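A quick write-up on the structure given underneath.
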Amino acid sequence: MRDLKHLIYFENLLQEANNELVQKAKAEGLRAIGYTCYFMPEVLLDLPGCFSVRLRAPNCASPDMATYYMSARVCHYGRSLLERALEGGYNFLDAQMATETCTVTCRFQEHLQQKNLDSVQDMRIIDNDDFFCEFSDVPFKNSENDYQYYYDQMKYHVLGKLHEKFGIDVSDKAIKAAIKQHNEVCKIINEIGDMRKLDNPPITGYEFHVIQLVSLVCPKKYILPYLKETLKELKTREPEEVNPFRCRVVLAGSENDDPEFTKLIEMCGAEVVCDRYCYGAVESRQPIVVEKGEDPLYAVVRHYLQTSNCPRFMPQDEMRQRKLRLANLAKEYNADGVIVASNKFCEYWSYERVADSFILQRDFGIPVCSIEKEYINTAVGQLRTRFQAFVESIEIKKIQEGK
C-alpha cells in the first residue's frame, strides 16, 4: 500500500514523551498533565489551559536505576517509567494525576511525589517547581454508589487540584467542551478502526497502533488536524490486491504501547484487526454521552467505570462479561484467533491471561495464543517462533474445517 503521509511524523512523535507537539503546547503556556491508567479520565486532563499525556518509556531496555528503587520482581513497565523519569524525560510535566489501581505504577508515582518530610530527603525527580503528584482512589465495582464515590474523588483530587494549583476552569461548560473535543477524536479513531473489519483493510494493525498512541500522548488540538487528514487519506487508500496476511487476530492484554510488538505479530502473518489492551482503542475511544440535564462530571465517571474491561474488577459476573466481550470482538472483526499478552510480573493480567487462554477456547472455540513478555521486546526470536506456530495452527484448523 502507499505509505501514509503522516506515518513517519507520528512515529517520530512517539520517540519521547516530550515530543514536538508537547513542546509547542508548553511554549503556549498550557499545563502538561501526566497519567498512566485508563481510570484517570483523560478528558478531565484536557480542560482548557491544560492537556493530557499518557506516559510511556519508549526504547527503555535496561531500567537499572529504577530497579534499585523498585526491585527486579515488579513489572518492567513501572520500572521503565521511573527510569525515564530519573533520566529527566518527564521534567516537562506540571502534574501527575495518579490512581490507586496498578500497584507498580502507584510505586512509580510515589517516587515522583514530593514528600516534604524532615525524615525523607526529596529526590526531586521531576525538575519543575510547579510539579505536584496527586492520587485518586478508584472503586473496584460498577454501581451507583461507586459512581458517586468516583465522582467525589475526581472532583476533589483532579478538578479541585487543577483549579487550585493552576487556575484551570473546571466549570460544567469547560468539561462539556473537553468532552466535545474527546468525542471528536473518538469519532476519527473509530472510523479508522471500522476499516479493519473489512476483508482486506486499507490499514495495518501497526499503523493503527501508531495512530492510536499519538492521540493519547499529544495535545488534542494539535494532533486533531493530522488525524482528520489521515482519515481522509485512508478513505481513498487502495489496499493490496491480495491480502498478504494469513489470518486475522484480536490482540488483548495488559499495557502495550509498543507498535513494534504489533509489527512483529504481523510480520509472522497475523493481521492485528482489533486492540483490546491497555492503551488500545476499544475502551478509550468510545464517545462519552451526557444525558440531558446530567452533570457532565457524573457522565464522565459513569462512562469510565462502565466501559472499563480491567481485570481489577473481580466479581464473577464481571470476569465472565470480559470473556464474552473478547469473543464478541473476535466475531465483530472476523478474527481467527486471539493473542493475549501480559507483562511479566503483572499481577492482575497474569491471572486474566490464564483465564482467557482456557475459557475462550473451551466456551467459544476461539484459538488463543498466550504470551508473557517484557515491556520492551528483547526476546524477539522466541516471540516470532510462538506467533508463527500460532498462525500455522490456525491454518491447520481452517483446513480441517474445510474453509
Side-chain angles (χ1 to χ4, degrees), residues 30-55 94-102 105 133-190 212 215-221 223-224 278-310 312-313 318:
L30 300 182
R31 297 289 187 170
I33 315 298
Y35 72 110
T36 61
C37 181
Y38 179 72
F39 284 111
M40 176 51 62
E42 65 174 311
V43 67
L44 298 181
L45 312 185
D46 285 324
L47 291 166
C50 59
F51 62 95
S52 63
V53 178
R54 193 158 182 177
L55 296 188
D94 294 294
Q96 175 69 15
M97 290 300 177
T99 51
E100 296 280 358
T101 47
C102 165
T105 54
C133 180
E134 184 72 15
F135 280 82
S136 301
D137 192 22
V138 178
F140 279 86
K141 294 183 180 180
N142 184 359
S143 69
E144 290 294 335
N145 288 338
D146 298 299
Y147 300 157
Q148 187 59 53
Y149 179 78
Y150 194 21
Y151 177 97
D152 293 339
Q153 289 286 311
M154 294 298 104
K155 186 172 184 179
Y156 176 77
H157 291 288
V158 178
L159 299 185
K161 294 299 179 181
L162 289 176
H163 181 70
E164 173 191 338
K165 300 282 188 177
F166 304 136
I168 300 298
D169 182 2
V170 296
S171 64
D172 288 357
K173 182 179 179 180
I175 296 175
K176 287 180 179 178
I179 291 174
K180 181 179 179 182
Q181 178 183 250
H182 174 85
N183 287 349
E184 188 175 2
V185 173
C186 292
K187 183 176 183 296
I188 295 170
I189 297 295
N190 287 332
Q212 163 63 4
S215 77
L216 288 170
V217 304
C218 297
K220 300 292 188 297
K221 74 172 186 176
I223 200 63
L224 260 170
C278 299
Y279 287 61
V282 170
E283 278 86 38
S284 70
R285 292 301 169 238
Q286 292 188 40
I288 298 171
V289 177
V290 182
E291 303 293 346
K292 186 176 181 179
E294 186 178 24
D295 182 334
L297 177 58
Y298 190 85
V300 169
V301 299
R302 172 174 49 79
H303 171 87
Y304 278 85
L305 281 186
Q306 286 183 347
T307 57
S308 173
N309 274 261
C310 181
R312 71 190 296 272
F313 289 149
E318 293 273 3

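Because the structure is a prediction, the values reported are computed rather than measured.
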Do [X] and [Y] come within less than 4.5 Å of each other through their side chains, counting heavy atoms only?
X: Thr101; Y: Cys310; result: no
X: Cys133; Y: Phe135; result: yes
X: Pro296; Y: Ile179; result: yes

Looking at the rings of Tyr38 and Tyr304, which for Trp means the six-membered one, are their centres under 6.0 Å apart? yes
[atom1]-[atom2] distance between [X] and [Y], expressed to the nearest 0.5 angstrom:
X: Ser215; Y: Leu224; atom1: OG; atom2: CG; value: 9.0 Å
X: Tyr147; Y: Gln306; atom1: OH; atom2: CD; value: 3.5 Å
X: Ile223; Y: Phe51; atom1: CD1; atom2: CZ; value: 12.5 Å
X: Gln96; Y: Leu55; atom1: CD; atom2: CG; value: 4.5 Å
X: Leu297; Y: Met154; atom1: CG; atom2: CE; value: 8.5 Å
X: Glu134; Y: Gln153; atom1: CD; atom2: CD; value: 9.5 Å

Mind listing the closest non-hydrogen atom pair of [X] and [Y] along with its distance?
X: Asn183; Y: Pro287; value: OD1-CA, 3.3 Å
X: Leu30; Y: Cys50; value: CD2-N, 4.4 Å
X: Ala98; Y: Met40; value: O-CE, 3.9 Å
X: Leu305; Y: Phe39; value: CD2-CE2, 4.0 Å
X: Leu47; Y: Ala178; value: CD2-CB, 4.1 Å
X: Val289; Y: Glu294; value: O-OE1, 4.1 Å

Can you tell me if Asp137 and Tyr150 form a side-chain donor-acceptor pair at under 3.5 Å? no
Donor-acceptor side-chain pairing of Ser284 and Gln212 below 3.5 angstrom: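 There is such a pair (donor and acceptor under 3.5 Å, judged by atom type) between the side chains of Ser284 and Gln212.
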Which donor-acceptor pairs under 3.5 Å do side chains of residues 159-171 form with protein atoms, sequence neighbours excluded?
| from | atom 1 | to | atom 2 | distance (Å) |
| --- | --- | --- | --- | --- |
| His163 | ND1 | Ile168 | O | 3.0 |
| Asp169 | OD1 | Ser171 | N | 3.0 |
| Asp169 | OD1 | Ser171 | OG | 2.9 |
| Ser171 | OG | Ala174 | N | 3.3 |

Before giving the answer on side chain to side chain contact (heavy atoms under 4.5 Å, CB included), spell out for Asp295 and Ile175 the whole-Å C-alpha distance, their side-chain angles and the decisive distance to 0.1 Å. CA-CA 10 Å; Asp295 182 334; Ile175 296 175; 5.7 Å; no
Using atom types as modelled and distance alone, determine if a side-chain donor or acceptor of Asp94 lies under 3.5 Å from a backbone N or O of Ala32.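 Indeed, once roles are kept as given, a pair shorter than 3.5 Å links the two residues.
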Side-chain donor/acceptor of Arg312 to backbone N/O of Pro139, under 3.5 Å: yes
Can you tell whether the side chains of Lys220 and Glu42 come within less than 4.0 Å, N to carboxylate O? yes
Look at the rings of His303 and His182 and say which category their plane angle falls in: under 30° parallel, 30 to 60° tilted, over 60° perpendicular.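 Ring orientation, 0 to 90° scale: perpendicular.
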Decide if atom CZ of Phe140 counts as having more than 12 heavy atoms of other residues, nucleotides or ligands within a radius under 6.0 Å. yes
